[in-house]
Structure formats: structure tokens, C-alpha cells
Amino acid sequence: MTTSRDITVDVELPYPPAQVWQALTDADALADWLMPVDGFAPVVGRAFTLRAKPMPGWDGVVHCEVTEVDEPHTLAYTWRGSRMRTTTTVTWTLAEADGGHTRLRLAHQGFTGLGGAVLALMHRGGWKKIAHTRLAGHLARTTSKDNS
């Protein structure tokens, strides 16, 4: 039996899809909850770079290219860390839930080989924290600013 290396994180956010979409597609918002970003725009074919704090074995740079934009339902982009041998894909899918909430699914796919298994393991915990804590926190902060 093979274990899937793909990562899926589902979260329901108490915000409308348009507000969640804004957090996923605005460069300043991405810098707040994901990583500082250079060159991002929600346009298919647009290359951009994410930068995190370097760690042993990784310089903190992720090279990406937007592959799908279906506002406000789907945003996808390639994801390749500077030391990754293969390019993976991150897909955000939004659906309206009861009460004006948003069901958000993050799928990070394309991890191959033994190295891919290790990378998937490393990314899985980070993506859960990002979706459940950092993105939710960003939305809470920007909602309270918008309402003040």
C-alpha cells in the first residue's frame, strides 16, 4: 500500500469568499500571513518569488508561477523551493458555506520519490498552521480594521 504524499488541508473560515479571495490574491496580504512576496499578481503565467527565513539546507526562496485563476473559486501556482528537485503545485479552492462562511481547501501536490516524501512531511505541518492559524489571524485582524 502506498501512502499519498499529497497534502490536503480543509478549513472553514467565518468570512465570505470574496474576503478570503482578497487574502489569497493581494501581495500585501500574502506577505502578512504567508511569506514576503516579490512580483505576485493573480494572472496566469505570472512568475513570483516567496521568501522566508533561511534554514539549514534551504535558502528560504520559493519560486512560483500562477497556473490557474478562477475568481473567487480557485487559485493555483507552481511551488519550487531552491533546493527542491521537482516542481509541485499549490491549489486553493474556495466554496461558500452556510452563514456566509468559506470552505477553503489547500492542496499541495506533486511530491515524488524519497525526497518528495520528506518534503511533504516537512510542508504538511506548516500548511496546517498557515491555513488554520496564520490566514485565519490575518482575516480576523483585517476584518476588525475594516469594521473600526
Side-chain angles (χ1 to χ4, degrees), residues 5-97 99-112 115-116 118-148:
R5 292 181 176 103
D6 293 343
I7 299 167
T8 303
V9 178
D10 291 300
V11 62
E12 185 169 321
L13 299 164
Y15 306 97
Q19 194 169 353
V20 176
W21 181 260
Q22 175 71 15
L24 295 175
T25 58
D26 178 81
D28 290 335
L30 286 170
D32 182 52
W33 65 267
L34 184 57
M35 288 181 236
V37 60
D38 296 321
F40 176 81
V43 176
V44 172
R46 182 69 177 253
F48 63 99
T49 305
L50 296 164
R51 297 187 186 277
K53 182 179 177 184
M55 302 184 316
W58 182 51
D59 65 3
V61 178
V62 181
H63 302 279
C64 305
E65 183 177 319
V66 178
T67 58
E68 182 179 356
V69 178
D70 178 18
E71 183 178 349
H73 307 288
T74 308
L75 173 68
Y77 41 85
T78 60
W79 179 279
R80 186 175 181 138
S82 56
R83 303 266 169 100
M84 291 172 66
R85 294 178 192 260
T86 60
T87 299
T88 57
T89 302
V90 172
T91 304
W92 300 93
T93 306
L94 295 77
E96 192 166 340
H101 292 188
T102 301
R103 275 191 313 276
L104 178 65
R105 169 167 281 184
L106 159 73
H108 192 165
Q109 302 173 307
F111 297 98
T112 58
V118 171
L119 284 169
L121 182 64
M122 293 169 60
H123 281 81
R124 185 170 278 110
W127 279 127
K128 286 180 181 177
K129 180 179 178 182
I130 285 168
H132 288 276
T133 304
R134 291 176 58 178
L135 175 57
H138 168 81
L139 289 163
R141 286 188 305 277
T142 57
T143 299
S144 61
K145 283 182 197 170
D146 292 344
N147 293 336
S148 29

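Being a predicted model, the structure only gives us computed values, none of them experimental.
Atom-to-atom distance recorded for T25:OG1 and F40:CZ is 6.0 Å, nearest 0.5 angstrom. Summarising the geometry, atom NZ belonging to K128 is positioned 11.0 Å from atom CG belonging to L106; distances are rounded to the nearest 0.5 Å.
Between V61 and L50, every side-chain heavy-atom pair lies at or beyond the 4.5 Å cut-off.
A donor and an acceptor atom, one from each side chain of E12 and T102, are nowhere located under 3.5 Å apart. Side chains of W79 and H123: a donor-acceptor N/O pair is present below 3.5 angstrom, by distance only. T93 and H73 are not linked by any side-chain donor-acceptor pair at a separation below 3.5 angstrom, with hydrogens and angles left out of the test. Of the N and O atoms on the side chains of D59 and S82, at least one donor lies less than 3.5 Å from an acceptor on the other residue.
The closest donor-acceptor contact from the side chain of W33 to the backbone of A23 lies under 3.5 Å. Side chain of R124 to main chain of D6: a donor-acceptor pair is present (N/O by atom type, distance under 3.5 Å, no hydrogens or angles).
Other residues, nucleotides and ligands place more than 12 heavy atoms under 6.0 Å from the CZ atom of R80.
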Are V69 and T74 close enough, and set up right, to give a side chain to side chain contact (heavy atoms under 4.5 Å, CB included), and what steps lead you there?
-> CA-CA 6 Å; V69 178; T74 308; over 6 Å; no
Assess whether side chain to side chain contact (heavy atoms under 4.5 Å, CB included) is satisfied between Q19 and L139, documenting all intermediate values.
-> CA-CA 8 Å; Q19 194 169 353; L139 289 163; 4.0 Å; yes
Take H101 and Y15, measure what side chain to side chain contact (heavy atoms under 4.5 Å, CB included) needs, and give me the verdict at the end.
-> CA-CA 5 Å; H101 292 188; Y15 306 97; over 6 Å; no
Worked check of side chain to side chain contact (heavy atoms under 4.5 Å, CB included) between T91 and L75 = CA-CA 6 Å; T91 304; L75 173 68; over 6 Å; no
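The one candidate from R103, R105, H132 that meets the side-chain hydrogen bond (donor to acceptor under 3.5 Å, both in side chains) condition with D10 is R105.
Ring geometry for W92 against W127 counts as perpendicular: the plane angle is over 60°, on a 0 to 90° scale with 30° as the lower cut.
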